[in-house]
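Have a look at the structure below before the remarks.
Each ligand, and each atom within it, is numbered from 1 in the order the structure gives.
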Amino acid sequence: MSLIVQKFGGTSVADAEKIRTAARRAIRAQQAGNQVVMVVSAMGKNTDLLVDLAGQVCQGGGEPPAREMDMLLSTGEQVSVALMAMAIDDLGAKAVSLTGGQIGIKTDSSHTKARIRSISTDRVRKLLDDGYIVIACGFQGIDDDLNITTLGRGGSDTSAVALAAVLGASRCEIYTDVDGVFTTDPRLVAEARKMDRVSHDEMLELASLGAGVMHSRSIEFGKKFSVPIHVKNSAVFTDEAGTVIGPESESADRPVSGAALTRDEARLTVRHVPDLPGTSHAIFSRLASENVTVDMIVQNPGAGGTADISFTIPEGDLKQALEALQATVDQLGGGEVSYDADVAKVSIVGLGMATQSGVADRMFRALAEEDINITAITTSEIKVSVLVDRHRMTEALRAVHREFELDKPPHERASFGEPAAPAMVADAADVVDRLQHMEELTIHGVELDPSQARVSLIDVADTPGIAAEVFEAVASEGVLVDMIVQSVGEQGHTNLSFTVPQGDVERTITTVKRLMDKLGGSVSGTNHIAILTVTGIGIRSHTGVGTRMFEALHEANINVDVISTSEVRVNVAVDAKKGEAGLTALKKAFADVIEQ
Ligand code: ASP
Ligand code: MG
C-alpha cells in the first residue's frame, strides 16, 4: 500500500470550511487506497499574531527568550491539527493528531531555528496500519531534554518532506495558495508561467533567490532522500495541476528554466587588499562570526598584486558588515572599502545551462539592449547572477524572462505521469545511519579541474553592454567560457575575469584585445590556474562552507585567485601548481561530511 504525505499551509487551513476541505482531500486519498499522513501549519496568520504578542509583552527592547518563543509558536500548529482530526472524525473517517514531540521528531536545541536529527516512525506506522489518518504538527520538534523546538519560519514544508523521507512515502504533496512554481514572480512579470516540473537543484537555487513557495531546507531533504514533491493549489481539484519538484527539469533542451529577483541586498567591495593566502578567509570568517550571511562572492585579481573582492549581504546587516569589514581590512594592512545599498540581483537558473554554451552572453545582451548596467556577475554550472541598480530591477527581470521565452511551454516535455517512487535505501542499518544525520551538510565531492585558464580584463569602462560584447566576441570564436566573475573596479570601471580551456587562452586574449580600444583597461591571461570545486547539499543553510574552504586553503598556504559561489557549489581558482595540494586540503577539511 502506498503512503502519501499531504502538507497544508496556513492559507489552506485558514478557516473551518478550508479545514473541512483539506480533511475531505485526505479522506479521498485514503479511500483511493493510500495510507495518509497530513502535516499542517498554523491557521492563516496565526504564527505572525503570536510573534506580535510576544513583542507586546517584551517591552524592554530585548528579544523574548528563544525557548519560550518556541513554546508559544508551536501552539499554532497544535490548534490546527486538533481541528483537522475533529473534522475528519466528523466526516466519518479515523484520525489522530500528534505533536512533533509525540511523533518523536528529534531536533538539536537551537531554538527558533532547530535542525532535525532523527524521526521515529513506529507510532505513526502503527496508527496508519490501524487505518488512521495521522495528522502531524508541522514546524516543530523536541530536543533531548524534551524542550519544544521550531524549525524556523516556513518550516512545515521541511517537516512534511522529512516525514515523507523517513516513511518512504511515494510522494509529498504540498497544498498552498498558489498554483505551483512559476518561471518567475507573477506579481512582477505578468507573463510568468507555471512550470509542470522543476528539478531539485533548480528549485534550490530559485528558493534561495527568494522565489517563495517552498522552505529551502525542504528541497534539500527532497534531494537528499529522493522524495518527489508535488506543489499544488488547495483550491484546485484536478490531479495534474501543480508543479513536481523531482530529479528532472521541465525540459532538457532548454537552457533556462526560471528567473528570479533578489532585492534587499547590499553590495560591499574591498579593493586592493593584499592578494595573499588567507585574505578571503580573514574577511569571511570575521563576517561569519558576526552572523552576517554572505550571498554572492566575487573575487578578481586587481592591479599590482592586489585583489578586489565584492560580495552581497542582507541590506539590514549593512552597518554591522561595514564595520566588520573595515576592521579586517585594517588588520590586513590595506584596502579600500566601498558599498552600494541600492542593488538588486537578477538570476537565471537552468539545468540545461550546464550543457549549453552562449547562455550568459544572451542574458548580458538582453540587459544591454535595455541599457541596464551590470555591476557584478557570478556564474555556476546552473545559474548566472548579475547585480543591477535597484530601480531597474523589474525591467531587468522582464527582459531576461522575455529573452529566454520563459512564458512559452517547452517543446519537448517529458510526459507528465505519476512521479516515480523514491529510491529508498533498502538496508535498515543504512536508513538508521542516514536519519541520525538528517540535516547534516552533505558534500558530494571535492574536485580539481586543471584544464582551465583565466583571462582577466582590468579596469574596463563600467557601461551597459560590456559583458555582452566581450562574451559574444569570445563565443563567436567558438571558445567555451566556464566561470565568469565581474566585480567593481576603479571609479567608473570594472574588472571581469573568466575561465576558458587552456588551449584557447591566446585566441581569447587576441579577440578581447580587439575590443579594448572601445573598452579601455588591460587584458591579461594565465594558463597556470586550477579550479577547485566543492559540491553538495546544504551549502547555503550551513553558512560555514565557504569559510571552511577558505580556512583550509589558507592553512595550506594557497592563495585564492577567483571565487564564485552558488547554492550547490563553491568554486575557487588557485595557482595550478597548488591544485593537488588544494584538493588534498579540501578533502581533509570536508572529510566528516563527504558522502561515501
Ligand atoms: N506556522 C509556521 C510559520 O508561519 C510554519 C509554517 O507555516 O510552515 O512560519
Ligand atoms: Mg508556510
For the pair [X] and [Y], find out whether any cationic side-chain nitrogen is under 4.0 Å from an anionic carboxylate oxygen.
X: Glu205; Y: Lys383; value: yes
X: Arg153; Y: Asp48; value: yes
X: Lys126; Y: Asp130; value: yes
X: Arg392; Y: Glu395; value: yes
X: Lys94; Y: Asp89; value: no

I'd like to check which ligand 1 atoms, numbered from 1 as shown, lie under 4.0 Å from a non-hydrogen atom of Thr47.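 Answer for ligand 1: 1 (N), 2 (C), 3 (C), 4 (O).
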For Arg153, counting its heavy atoms only, list the atoms of ligand 1 lying under 4.0 Å from any of them.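 The list of qualifying atoms is 3 (C), 4 (O), 9 (O).
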Looking at ligand 1, does His215 have a heavy atom less than 4.0 Å from it? no
Looking at ligand 1, would Gly9 count as a contact under a 4.0 Å heavy-atom criterion? no
Establish, yes or no, whether the cationic atom of Lys194 lies under 6.0 Å from the six-membered ring centre of Phe182 and within 45° of the ring axis. no
Below 3.5 angstrom, do we get any N/O pair linking [X] and ligand 1?
X: Gly154; value: yes
X: Ser41; value: yes
X: Asp157; value: no

Out of Ser156, Ser74, Gly10, who gets a non-hydrogen atom closest to atom 8 (O) of ligand 1?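 Minimum heavy-atom distance to atom 8 (O) of ligand 1 goes to Ser156.
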